[in-house]
Amino acid sequence: MNSFRHGSVQLLFVIAVAAIFVDDVAQSQYSGLRLLTNAKEKGAVCIDGSAPGYYFSPGFGGGVQNWMIYVEGGGWCRSINECANRANTYLGSTNHSPPREILPNTGILSHNAGVNPDFYNWNIAWIRYCDGSSFVGDRDEPVVVSKNLTIYLRGQRVWDAIMEDLMDIGMAKAEKALLIGCSAGGLTAILHCDSFKALFPGNSVVKCMADAGFFLDTPDVSGGLTSLELFRGVALTHNVMPALDKRCTSSRPASSAWDCFFAQNALPYVNTPLYILQSDLDIYQIGNLVAPKSADPTGTWTRCTQDLGSCSSKQLGVLEEFRIRMVRALEAADSAVRGEFVISCYAHCMATDTARWNGHQTFLINGKTIAQSVGDWYNARNVNDFVLVDGPYPSNPTCSGRTTHSEETDFAEHLVVTQD
């Protein structure tokens, strides 16, 4: 993705376990990696051909029949070359996964009832993101890149294999289930929400949550189409169209059916209850889609994208236009079964950040924390207060303090993907 600001093609795997705050920890949960070696027989493999898998942390007490499926983020690859560069990295192979890992005991993943009162004792499956398409690609034929490298772009098959395995180990008996993802995983939660719901019997409570997964089709600061080119490249390279909602794709000419891969176009067709947790000044989108290096070769936007306090009045005007565009896109896809917490703070992926979820630096809208809002929505409490949308920046005083970014708590987002 040449929208990334930080340099040449590379993947930097920066594990920052120290960012899992000690005061949030009841007891970190070790989880073994469950590799689905039999999935290879169905062609369900990561980019490098390795078996897909997930980490699993069992529920306890009253949560043993409740399941949270967490999809990690990590961007996308939009060309054969980009996908080939991922193949032998954490984002393209489970061969680079620790066999046992400490899942973050933070935010919505916390086992501390004080931090996470509605979900603290649930089963958690942390899905390894290794396909580069938000698990909707299905390119049938392998791609021979060189004599030493063949790649596979089969995210949909990987998704199906993981869901089948989860159902086999007990999720089929779930009383409650929540599909949640961060960033590229948040887009997964939107695109797979209805198919996830369809796995369960009618008496199960099944909902979905997209954390920083609402990516806009928006112009960049030079008037270019960085966002559109990125998502079109991913859609066509991975052949995502068969996995997209048929009502959406049939409403467009065949040549543009791919744009149902955009969250704003897919969202109106989601029937399952879905919660949108989103900054309308999203760090990723501002720095990589609105003001990428390719659209700002002189670096005029560099300081602004690093610190909104350094933005000029003209730059703040551009950001306000982006914020309004996002709010209107969400309004256009309004749904009676949807919840929202749309904050005008500079953030990306908030659900696994305890300080912002329900801690000492929590974001508030109308006096409500993210944890309270999500819990009320999932459990149908305070039904008249499901949609919380912030005012313009910088009107919310709880935005002050450190910037919220998924590098602090999300394994996949520790991978800073940087490309020309």
**Item:** Arg356 side chain to Thr362 side chain, donor-acceptor N/O pair below 3.5 angstrom
**Value:** no
**Message:** My understanding is that only one of Phe386, Trp377, Phe341, Phe214 makes a ring pair (Phe, Tyr, Trp, His ring centres under 6.0 Å) with Tyr275; could you say which?
**Reply:** Trp377
**Request:** Evaluate the ring pair (Phe, Tyr, Trp, His ring centres under 6.0 Å) criterion for residues Phe135 and Trp159: first the C-alpha distance (whole Å), next the side-chain angles of each, then the deciding distance (0.1 Å), finally the verdict.
**Result:** CA-CA 6 Å; Phe135 293 110; Trp159 180 261; 5.7 Å; yes
**Item:** Where at least one partner belongs to residues 177-189, residue pairs that pass salt bridge (charged side-chain N to carboxylate O under 4.0 Å, His left out), sequence neighbours excluded
**Value:** none
**Item:** Aromatic ring pairing Phe231/Phe262, orientation class (parallel under 30°, perpendicular over 60°, tilted between)
**Value:** tilted
**Asked** Will you find, in the side chains of Ser110 and Asn112, an N or O donor that is under 3.5 Å from an N or O acceptor?
**Response** no
**Request:** Return each pair, listed once, that meets side-chain hydrogen bond (donor to acceptor under 3.5 Å, both in side chains) where at least one residue sits in residues 162-178; pairs must be two or more places apart or across chains.
**Result:** Arg34-Asp165, Lys42-Glu164, Tyr54-Asp165, Lys176-Asn379
**Item:** Residues forming a ring-ring contact (aromatic ring centres under 6.0 Å, His included) with Trp67, sequence neighbours excluded
**Value:** Phe56
**Prompt:** For His238, what residues pass the ring-ring contact (aromatic ring centres under 6.0 Å, His included) criterion, not counting sequence neighbours?
**Reply:** none
**Prompt:** Do Ser279 and His348 have side-chain atoms, one donor and one acceptor, less than 3.5 Å apart?
**Reply:** no
**CA sep, side-chain torsions, deciding dist, call: Phe215, Trp76, ring pair (Phe, Tyr, Trp, His ring centres under 6.0 Å)** = CA-CA 12 Å; Phe215 294 91; Trp76 309 267; 5.0 Å; yes
**Item:** salt bridge (Lys or Arg N to Asp or Glu O under 4.0 Å) partners of Asp245, counting only residues at least two apart
**Value:** Arg247
**Prompt:** According to the interplanar angle, ranging from 0 to 90°, do the rings of Phe60 and Tyr120 count as parallel (below 30°), tilted (30 to 60°) or perpendicular (above 60°)?
**Reply:** perpendicular
**Prompt:** Which residue pairs satisfy the salt bridge (charged side-chain N to carboxylate O under 4.0 Å, His left out) criterion with at least one member in residues 260-280, sequence neighbours excluded?
**Reply:** Asp280-Arg323
**Asked** Who are the side-chain contact (heavy atoms from CB on, under 4.5 Å) partners of Pro142, not counting sequence neighbours?
**Response** Thr150, Tyr152, Arg154
**Asked** Parallel under 30°, tilted from 30 to 60°, perpendicular over 60°: which one fits the rings of Phe196 and Phe200?
**Response** perpendicular
**Prompt:** Looking at Arg338 and Glu340, does any basic side-chain N land under 4.0 Å from a carboxylate oxygen?
**Reply:** yes
**Message:** Pair Trp258, Phe261 - check ring pair (Phe, Tyr, Trp, His ring centres under 6.0 Å), show working.
**Reply:** CA-CA 6 Å; Trp258 66 267; Phe261 185 53; 8.2 Å; no
**Request:** Mind jotting down which residue pairs meet the salt bridge (charged side-chain N to carboxylate O under 4.0 Å, His left out) criterion with at least one end in residues 265-275? Sequence neighbours excluded, please.
**Result:** none
**Request:** For Ile324, check side-chain contact (heavy atoms from CB on, under 4.5 Å) against everything at least two apart and list the hits.
**Result:** Glu320, Arg328
**Request:** Find the distance between OG1 (Thr188) and CD1 (Ile69) and round it off to the nearest 0.5 Å.
**Result:** 13.0 Å
**side-chain contact (heavy atoms from CB on, under 4.5 Å) involving Lys368 - partner list, sequence neighbours excluded** = Gln372, Ser373, Asp376, Asn382, Asp385, Leu388
**Asked** Just by modelled atom types, is the Asp138 backbone N or O under 3.5 Å from a matching donor or acceptor in the Asn239 side chain?
**Response** yes
**Request:** Scan for salt bridge (charged side-chain N to carboxylate O under 4.0 Å, His left out) pairs involving residues 119-134, sequence neighbours excluded, and state none if there are none.
**Result:** Glu72-Arg128
**Item:** Side chain Trp357, main chain Thr106, donor-acceptor under 3.5 Å
**Value:** no
**Message:** Quick check for you: to the nearest 0.5 Å, what is the distance between Cys345 atom SG and Tyr393 atom OH?
**Reply:** 9.0 Å
**Message:** Working to the nearest 0.5 angstrom, can you tell me the gap between Asn81 CG and Thr237 OG1?
**Reply:** 10.5 Å
**Request:** Output all residues satisfying side-chain contact (heavy atoms from CB on, under 4.5 Å) with Asp48, sequence neighbours left out; order by chain, then residue number.
**Result:** Cys46, Ser50, Ala87, Asn88, Ser93, Asn95
